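It should be emphasised that the depicted structure is a prediction, and the values quoted were computed from it without experimental measurement. Lettering follows sequence order; numbering is per chain, from 1.
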Amino acid sequence: MLQYIIRRILIAIPVLFGVTVLNFFIINLAPGNPVDMMVNPSATPEQLAATKHALGLDQPVWAQYWNWLVQLLHGNLGFSYSTREPVTQILMAHVGPTVLLMGISLIVGYLIAIPLGIICARKQNSWIDYLVTGFSFFGISIPHFFLGLGVIYVFASKLLWFPTGSMNTLGGDGSFIDTFNHLVLPVLVLATGIGGNMVRYVRSSMLDVLGKDYLRTAKAKGLSQFLITNKHALRNSLIPIITVIGIDIPLLIGGAIVTEQVFQWPGLGLLTIQSITSRDYSTLMAINLLAACTVLFANLLTDILYAVADPRIRYD
Amino acid sequence: MVVQFEKEETYLHMVMRRFLKHRLACVGVAVFLLILLIALLAPVIAPQDPAKIFNEFEAPPSAAHWLGTDPVGRDVMSRLIFGAQVSIAVGIGAVAIYVAIGIVLGLVAGYFGGWVDMLIMRLTDVFMSFPYFMVILVLVSIIGPSLFNITLVIGLLGWPAIARLVRGSVLSIKEMDYVKAGVALGYSTPKILFQHILPNALAPILVNATFGVASAIIMEASLSFLGMGVRPPAASWGNMLTQAESITVLSSQPWLWIPPGLMILLAVLSVNFIGDGLRDAIESQNAK
Amino acid sequence: MPLDQEKPLLQVKHLKKYYPIKKGVISRTVGYVKAVDDVSFDIYPGETMGIVGESGCGKSTTGRSLVRLEDPTAGQVLFQGKDLATVSQKEMRKLRTDLQIIFQDPYSSLNPRKRIGDLLAEPLLAHKLATKAEAEKKVNEIMEIVGLPKQYKNRYPHQFSGGQRQRIGIARALMLRPKLIICDEPVSALDVSIQAQVLNLLKDLQKSLNLTYVFIAHGLGAVKYISDRITVMYLGKVMELATTREIFEHPKHPYTEILLNAYPIPNPHERNRTQMVIEGDVPSPANPPKGCVFHTRCPFAKDICREKAPGLTGKDHLVACHFPIDEGKA
Amino acid sequence: ACGGGGSGTSGSKTKDTIYLGTVNPPGGFNPINTGDIGGQFAIRVMLDAFLDMTSPLKFQPKLATSIDTSDNQTYTIKLNPKAKWTDGKPVTADDVVFTFNLIANPKTEVAVGSNISTLTGLDDNGKLTGGAKMIPNLKKIDEHTVSFKTKKPVDPNYIKEMIGSKIITMPQHVLKDIAPEDFSKSKYVQAPNVTNGPYKFVTYNKNAYIQYKANNDYYLGKPKTPKFFIKIMQAPNLLSELQSGSIQANTSGGIGNLPFQDVETAKKLKNVTTEIHPQIGFQTMQYNTKTLPNAKVRQALAYAIDRQQIVDKLLKGNGEIVDGPYTSQSPYLDKSTNVIKYDPKKAKQMLKDAGWDFNKTLNFVVPIGNKVREQSADIIVQNFKAIGVKVKETTYDFPTIMQKGKAGDFDLLLIGFTFNLDPDVSALYGPNGAYNFMKYNNPEAVKLIAQGKEEPDSAKRKTIYSNLQKIWEKDMPVITLYSDHEVVVKSKDLAYGGASAYWPGTVANFQKWAYKK
Amino acid sequence: MGELLKVDKIKTEFQTDKGPVTSVDEVSFDLKEGETICLVGESGCGKSVTSLSIMHLLDRNGSVTEGSIRFEDKDLAHASEAEMRKIRGNDISMIFQEPMTSLNPVLTIGDQLTEGIRLHMNYSRAEARSYAIEMLKKVGIPRAEGIIDEYPHKLSGGMRQRVMIAMALSCKPKLLIADEPTTALDVTIQAQILKLMKKLRDESNTAIILITHDLGVVAEMADKVAVMYAGQVVEETDVYTLFDNPKHPYTLGLMKSIPHITNPDDMRLNSIPGSVPSARNMPKGCRFYDRCPHAMKRCLAEKPELKPIEDKQAHSIRCFLYEEEEKDYEKKHAEKQHAEKEVSS
Ligand SMILES: Nc1ncnc2c1ncn2[C@@H]1O[C@H](COP(=O)(O)OP(=O)(O)OP(=O)(O)O)[C@@H](O)[C@H]1O
Ligand SMILES: Nc1ncnc2c1ncn2[C@@H]1O[C@H](COP(=O)(O)OP(=O)(O)OP(=O)(O)O)[C@@H](O)[C@H]1O
Ligand SMILES: [Mg+2]
Ligand SMILES: [Mg+2]
């Protein structure tokens, strides 16, 4: 197992390298220059040149890449082009809120979706199955921004139950209740999508497992339906569920761009959009790199979880 | 088990029959066709030029403007109708691009194996490691937001999933006896690849592509919503919704945001239903 | 019947097929599945060579190697004197018209997206041996030969029953008029009442078309019915090779004996006979026992069996055993 | 979107905190290298300029009690002797000299270089040349007095505005050891810890808020309200936040204007007052004089644009129409020139007369980022279409626009400006102006621009600039589309505070901002 | 020996996407304590469905629509799910064809074994475990103490089938249903399993329903045999009668069509022409009509009943031939051709 993990990490290195190359060159394809974004009306070409030089933007792309890579290997993600803050610091400030938002959304989504998916599979073609399936389709089909605007309209603007956005009340007590209040609506939006997707996977993988021979064996032993479903079937349907979770984990980093925008949630999504508008390449590259690492980590985690869930899977 | 002659039923017929049993999928087809029709006939059926500016800005629905006018005095109804073109174009265009790329790469990787496979798979790893939406956002912002560009970007980035799918199918189909029989009969490699393997790998691609259309539609809408997609004065459902980012619009001018939102939902939902129906129809066949 | 003066159609010489097992950080090859391990035999024109053995003993791998669907790890397969491993791609393609294979699973051996007519015509067209019209005529002929109404030409494989599909598989193999057909368990997936139809068909075709068969099965009954000679395999090795009659009446290898004995006899009056039942499972081909591969289950195993692998010896009745069962004892 | 946190539980009840809503997050707190107005505004809450301009050309002393000159060439800054840094040290002439020299150091990245470029020994970028380390003639007279000299006599108002209200003095004793090239990456510019303004920096939560606390030892008086927040939000949320009382005012100006859509709603709100004020910023459409060399054509196109509709409908009446770079806020606006009136018939006729090829498609380039401007572009396209002129509208983000502009890769280009009150607009009209994408070069105008810049006398300058406006009207290298008004909304709970009628004056008296008792 | 099970004319239907399908129709047989009955027949003839019907283990879309299943004094055809749960694994247990898929891959052998033991026998965890080890030893599993904590994938097919047998027999059921327990195994392993089953049967006096399509296995194991064709029992009798004196044309054909190692060298196999009719277009009359060499006109339209034939009390067949012994076969054969013409016209 350990050997397997090492091997996976070794494989991840060239992949990550590829990611950085692609990342860097894509971003540097851009016409225009981040420096143009920062100028004030009286800036002269010489001044721009000086700024470019200060940022190393006057070098050829490959040299810029090399510098960036060398810095990266020293654990330095560089400085924001726009605010000159260390990028690491910027990322740190934004990772937390996104992870909080997405983490809670994933948990809420799963907690609702997994039992519902099981019920649907158990009661295939019943009214509850149709209802939940209908909802899950709604969940995966509705764009987050539309749903977000909708819930803001209903719950924030009309009913005044929840705030329309951001993460805390400014100058508030910063209590958990306050954050919770701010979390409700964006979590509602995100969990709808996450849950909708999950319900469908749980349902179909459960249906798949429910048709398996060994469940008939379990039934032939006289076990109760509850035990059959939750002891025998559930663990077997975990593999597809783990796969979905593995795909969802990277959402912790990059999954909420639109929702964060709609709710002004001060996370990585918002940072991304801002970095795009301000052409803050160094920040953008760092975000992408972080996201790519998350994807690779999630893949590894998924594979490890497979082995935990299914004793047939052993890596060596 | 013995399979009996029942009717002259081809594979397509059977898939069709199963598909037609899926009621929601049929509704999906109907709705999607309707949207397709609206898109194709937009210039004919739209009451107004979608870019034309009337002197009433933000007017509520009236006989002249069924869904009112937007903040720049354009007819919302007409924009809604023309918006269908965008969604359809991105949805189908982008998916067509990436399916084509994915099939070729997947076939090559799966059939030839070895270092070619290794190379292509690492490349898919690289592409799949990128946060999809984020990269599209960045790329589009870089090469400039436009219908063509987002179609291209989604198309150029979407292929890894298809490539993996095709590769997987090829690897398993390659082991099927009918392919072995083909080799034993001395068929050429391209013949085996394209006549024996590809047709049998198409079904899951079709399902995947259908869901891909749905996600491309959402993607376009989201990009346009963020201002990185189709830009006004061109009408897209996503950019029409941008206007709802205002409490005033949200609470007192519902005609500006509810119709485009519903249209996106309807389009995506219909495609997802079609995908689900196809999957049921195709996969239960494969199971038998 | 194999006649000594005749030249063999196909010669298998020390055929080995090892599948590597990969492990570790850099996918090192840590061992091999010895699917086929040093198998040799000759096949003469017009005969049927049966290959029997338990699941996983390498029958199919051997069969596939004979038509070069597998590249052997070592050894040679000579078809009419030509080594299949060394001929060029082009020549191989030509040779394939003489070498055909029929598969076990009638469901996976036909491309589900092709009509039967096209499926059957395809080999001729691909080798440019006939025009479309000629091919059509040949298809009609062959369908009649294998007993399928020719109006079924436009149907898809899934519209046929297993037996019919197997007939289609046979028909396809026959399209190129091959000399040798490898039948890899052609009846095991079929219903009992259908098996007889297919076996009879194969037998009849052999006679009328002068075919040579390699007939792989793990049911001894079918092998006995159709074969002239039988190879008994165990863990990738040949245990015994003799004429059908010899194998059944004077088995020399304990394994053959046990195999024959393990078959339940369809006669309730004999149910109380003493049966020789061996305990234990077939060892893994990734880790075969040292010495004689059968020693772990052999009731007669002696020390030498655990150390030294016996060679295949004998003239017409070959056996790989240090202590073959002799006439009197059996 | 609609985020913002308009929860009922806001801190407004506590009356010890004022929340100011803004839209543009500051790009940083570097006092000498912050190009964006959002940042400049945020800096001024904690760091003082020498003077504040509270209404056009009216200056109010701040860190400096006065900036005087007798010959329009040698200027003396007298610092307020009571001024202190938050670490207790006095603000001295050394700090001023340090700041000026740091700006002038070629290695320092700055945004205010051109502000001091009139000083002796400095080039056009305000940088020292020839390896010099110090600005010549920049002298510490005494502990609280500094003098400097300009290359030529200049209008004192220019100095008061460009240096007096724009240069922010920084603490030498804190910053002297930082290498100039590293200054823009230093800790200080992320979180200024030693300041001299009414409020002290507490924390900056990017995209959410900047938190300040009162500097109780402030030399102009202890701030009336202990806590101060600049809250960052999307423009559409300003209204709901104002309504709910989670902010007490908007910053207004280019960084926190209430969307015009919301103005009517705001006016109806009971808890706030809403004022509309003209400003000096304006939106233009530049013509590429290389591809549209005929001034008649350019004029015709100007006639074709229904600017009144833009102002009336899009801006909901909250704007004004001028043709040139001076709005009604500018003392230099020449009201005698006639504003071009929308007249599509005339436009078409003029084009015909000028021999316009109606098959030609104009390349119309529009930057992303200002929604109203984007929408005005759509209207303009329709206006042109109405007279049969074909245009192809493409949108780009700002850096790309800059590139296209510089490359002349456009026929028509929208861009907005907020220059200084000082009438010098050579950046736009000058032949080497950074924003002269039109490639406009009329020798007569060039001469007048140079004269205007050098003329120290205000009245004479006015005549020069009047003449210039006439020339520009005739040459029409660029047409001003509109100047949108500032919408200033503030809570009725405030006794003092909110954006000023003349926007730059907003930063003048933060220490006085307070709730009603 | 008392009567244990009486299956009486059950009919099992499935709802499929092409409409309802009757898989088992009028299947009857009975079984005494300690007796073994074999159900033989080709693939798809309804053997498994019959056994699953008894256990109420049919797929969700299937149900017994007619007939009764008396087990001791209960009617299983109308038993509730709760009642069935008490019976399953306790009074009746079952072994399935596929040893590879019949054990839950994610639970240890011990988990799966003790589950039923604890449920039906009220053993504590430790008791159940030691009992399970005992059972494993009984079915001849070496290293039972170690194997009990292994996952199924570590075991070979034969071993797994032994585990299944241990599981099935652990609660000392009165009836064991074994659905092709050896079909997936190699002959040498099959011989082991059959031997084991015989031994256990003799020890415990459990009645067995053994499903197979191998007549050899039938000859080895059965007391009674029911031959099934297309969802019906066509012949039922004791094993000796069946092999010595088969009556139904299908049984006869089947016996002659199987290549067996004891067959004489030059015997040509008798192949039954055609194939089994599909459930959806079952012939109206005799279901074997199409393939029967002795079919008569009445076979086409009339449904034969499963009836005891006169010569022997315990021998029932579903065929008209033996009702009208006196008529000679030739004539009937001629009639068949005639009847066919009539139908096709
Ligand atoms: N492609 C492969 N890679 C690795 N191992 C293989 C491969 N093909 C076959 N084997 C292994 O080789 C051995 C022999 O396989 P083969 O299919 O020839 O057996 P068989 O005698 O035909 O068995 P069966 O009766 O089940 O068909 C088996 O252990 C199998 O697992
Ligand atoms: N869930 C189901 N839905 C529809 N039809 C079914 C279902 N289960 C079984 N059948 C049908 O019932 C018939 C009898 O099947 P059954 O499994 O009893 O056959 P069998 O005699 O056990 O065959 P085998 O020897 O292949 O196991 C078959 O035609 C099958 O298609
Ligand atoms: Mg095989
Ligand atoms: Mg069965």
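For chain B, the nearby parts of A:I142 are the backbone and the side chain; heavy atoms of each come within less than 4.5 Å. If you measure heavy-atom distances from B:L269 to chain A, the contacts under 4.5 Å come from both the backbone and the side chain. Interface residue A:I140: backbone and side-chain heavy atoms are both found under 4.5 Å from chain B. At a 4.5 Å heavy-atom cutoff, the contact between B:F273 and chain A is made by backbone and side-chain atoms alike. For a residue to count as touching a neighbouring chain, one of its non-hydrogen atoms must lie under 4.5 Å from one of that chain's; by this rule B:L262 touches chain A with backbone and side chain alike. In this structure, chain A has a heavy atom under 4.5 Å from the backbone of B:M128, while its side chain stays farther away. Looking at A:F138, the atoms closer than 4.5 Å to chain B (heavy atoms on both sides) sit in the backbone and in the side chain alike.
Using a 4.0 Å cut-off between charged side-chain N and carboxylate O, B:D276 and A:R200 make a salt bridge. Using a 4.0 Å cut-off between charged side-chain N and carboxylate O, B:R167 and B:D117 make a salt bridge.
Between chain A and the residues B:P254, B:S129, B:S141, the most heavy-atom pairs under 4.5 angstrom are made by B:S129. Chain A forms the most heavy-atom pairs under 4.5 Å with one residue out of B:D125, B:N272, B:L24, and that residue is B:N272. The choice from A:T272, A:T294, A:I287, A:L289 that makes the most heavy-atom pairs within less than 4.5 Å of chain B is A:T272. Between chain A and the residues B:L223, B:L139, B:L137, the largest count of heavy-atom pairs under 4.5 Å involves B:L137.
Nearest approach of B:I38 to B:A84, heavy atoms of both residues: CG2-CB, 4.0 Å.
Counting heavy atoms from C-beta on, the side chains of A:L296 and A:L16 come closer than 4.5 Å. Looking at heavy atoms from C-beta onward, B:S222 lies out of side-chain contact with A:I257 at the 4.5 angstrom threshold.
Between A:Y153 and B:W257, the gap from one ring centroid to the other is short of 6.0 Å.
Counting only distance, with no hydrogens or angles, the side chain of B:S224 and the backbone of B:A221 share no donor-acceptor pair below 3.5 Å.
No side-chain donor-acceptor contact under 3.5 Å links A:Y201 and A:S237.
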